[in-house]
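Data block below; observations after.
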Amino acid sequence: MFQRILVANRGEIALRVIRACKELGVEVVAVYSQADRNAPYLELADRAICIGKAPSGDSYLNIPRIIAAAEVADVQAIHPGYGFLSENPDFAEICRSCNFEFIGPPHDAIRRMGLKTEAKTVAAAAKVPTVPGSDGPIGSPHEAMALARQIGFPVLIKAAAGGGGKGMRVCRDEASFAPSLQSAKNEAEAAFKNASVYLEKFIDKPKHVEVQILADHHGHVVHLWDRDCSLQRRHQKLVEESPAPTLPLKVRQRLGDAAVRLAKAVGYTNAGTCEFLVDSENNFYFIEVNARIQVEHPVTEMTTGIDLVKQQIRVAAGEKLPFTQDQINTRGHSFECRINSEDPDFDFRPSAGKITALRVPGGPGIRWDSHVQVGYTIPPNYDSLIGKLIVHAPTRDEAMARMRRALDELVIEGIQTTIPLHKRIFRDPTFAEGKVDTTWIEREFMPPKPKST
Ligand code: MV4
């Protein structure tokens, strides 16, 4: 096992990794930007090193500064958390060439999975169902139009280097195809410095179901079942749960098997997620791989009893996975609500400021993953996630009741948060039936308000 690890991240995930290190008896070095110098979790690390000014480019995204901190602190490994440098293949490669183990997949697996058409090609070769569409990035607008006709409208134009919905355009008919293609390419070039796009058949009102996988360096790959993350707004997840509601066990087993085949096909190691779209007839289609620990990993930890962050560290240190697929048992149901410092009544605009009061829920089946405390000032420089409220109970209905109870206990004053929105969601009958798809929140629950003129 490593003697000392550096955490190249901030906020709740930095704290999550610090906690895992402590339980493993591994020393942990935190890094922080000037904006985070008063963050309370820094005191829980064995050492904290300032890596620069508030802008991410000067700190959490700055590879030379992070490598310098790792050298100074003499660590053996670097945990990237999520976001920031976690899926940057160059960072993973640099870490390893500087003799720091990168706690994540091999850099070539990150690179290949980052190219969405490459990921689809690997998936198809591993007999994982993919959405019908172009084989790889498309050529001339003329060829693209011919292909779109062949696929059949509506089609979706997606950025090859993308993800998260950027550079994505739904195109319902031939007339709108050429302009949609141009604007998708422009957006992709601006966002990813890569204008390459590909085509897919548009799946109407899909659910977003993802499968957690873990792979060691000894050829063992397992899946830890599924999460439903359909409740999203503008590609920002709000609520996640495990297992996916309304999906028959047979389908969930086929999803898990598909994810394992894909991971094996790319030589994946460490923790990762395979994302799928599921249509109204429970057909599933692979869309992308997330080559990192995800925000919503706790719902899987609650239902499987497996500490994913500890397993990431153990696998990176060369240990074998301590369980086989048939030893992974899931129990009950888990939900996570993302608590953001945003105002849902004002288009989710960020609400930075000082937390003047905080009451954290407790009791059976409750978990609160958060780096904030009373008196803490949320810096305006980073994402607005301030905590994750996670519940676990024997059944989905009991887990919903537990979440309602926990949300009623949770009080955060001084800033606006998404708590009131979550209270409404957990009282919604469609959500209670598990019948929410990825378009539901904007279509039915809170349609965009018409702009007053
Ligand atoms: C799709 C789709 C429908 N059909 N692909 C959005 C972000 C990216 N990860 C994939 N996304 C989608 N791809 C086809 N062929 C609908 C979405 C989509 C979506 C997917 C997952 C979660 C939320 C979403 C919200 C809108 C659209």
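Whatever order the structure lists them in is the order used to number ligands and atoms, beginning at 1. If you read the sequence from its start, that first residue is 1, and numbering goes on from there. Since this is a predicted model, take the numbers as computed values, not measurements.
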Does an N or O anywhere in His235 fall below 3.5 Å from an N or O of ligand 1? no
In terms of the angle between their ring planes, are Phe276 and Phe284 parallel, tilted or perpendicular, with boundaries placed at 30° and 60°? perpendicular
Under 4.0 Å from one or more heavy atoms of Lys201, ligand 1 contributes atoms 4 (N), 14 (C), 15 (N)
Element-labelled atoms of ligand 1 that are located less than 4.0 Å from some non-hydrogen atom of Leu156: 1 (C), 2 (C), 3 (C), 4 (N), 5 (N), 13 (N), 14 (C), 15 (N)
Considering residues at least two apart in sequence or located in another chain, which fulfil the side chain to side chain contact (heavy atoms under 4.5 Å, CB included) criterion with Asn381? Ala35, Ala54, Pro379
Would you kindly specify which portion of Thr439 sits under 4.0 Å from ligand 1, judged on non-hydrogen atoms: side chain, backbone, both or neither? neither
Protein residue, atom and distance nearest to atom 7 (C) of ligand 1, heavy-atom basis: Gly165 N, 3.5 Å
State, without any angle test, whether Asp58 and Asn62 hold a side-chain donor-acceptor pair at a distance under 3.5 Å. no
Looking only at distances, can you tell me whether any N or O atom of Glu288, backbone or side chain, sits closer than 3.5 Å to an N or O atom of ligand 1? yes
List the closest protein heavy-atom neighbour of atom 16 (C) of ligand 1: residue, atom name, distance to the nearest 0.1 Å. Pro206 CG, 4.0 Å
Between Phe335 and His333, what is the ring plane arrangement, given parallel below 30°, perpendicular above 60°, and tilted in between? tilted
Side-chain donor or acceptor of Asp216 paired with backbone N/O of Val315 under 3.5 Å: no
Can Asp307 and Gln311 be counted as having a side-chain donor-acceptor contact under 3.5 angstrom? no
Taking atom types as modelled and ignoring hydrogens, do the side chains of Thr273 and Gln294 form a donor-acceptor contact shorter than 3.5 angstrom? yes
Quick one: do the Gln212 and His297 side chains pair a donor with an acceptor below 3.5 Å? no
Is the shortest N/O to N/O distance between Met168 and ligand 1 below 3.5 Å? no
Under a 3.5 Å cutoff, is there a donor and acceptor pairing between the side chains of Thr418 and Arg338? no
With respect to Glu200, determine whether any N or O atom, backbone or side chain, lies less than 3.5 Å from an N or O atom of ligand 1. yes
Give the residue, atom name and distance (to 0.1 Å) of the protein heavy atom nearest atom 21 (C) of ligand 1. His208 ND1, 3.4 Å
Report yes if some heavy atom in the side chain of Val266 is under 4.5 Å from a heavy atom in the side chain of Met113; otherwise report no. yes
Structural part of Leu277 in contact with ligand 1, heavy atom criterion under 4.0 angstrom: side chain
For atom 10 (C) of ligand 1, which of the options Ile287, Asp204, Thr130 provides the nearest non-hydrogen atom? Ile287
Against heavy atoms of Phe202, which atoms of ligand 1 measure under 4.0 Å? 3 (C), 4 (N)
heavy-atom search around atom 24 (C) of ligand 1 in the protein gives Thr438 CB, 3.5 Å
List ligand 1 atoms under 4.0 Å from Val131, heavy atoms only on the residue side. 15 (N)
Would you say Lys158 and ligand 1 have an N/O pair spaced under 3.5 Å apart? yes
Can you see whether Thr121 engages Glu118 through a side-chain donor-acceptor pair at a distance of less than 3.5 angstrom? no
Glu275 neighbourhood, listing ligand 1 atoms whose heavy-atom distance to it stays under 4.0 Å: 9 (N)
Identify which of Leu199, Ile151, Ile203 has a heavy atom lying nearest to atom 3 (C) of ligand 1. Ile203
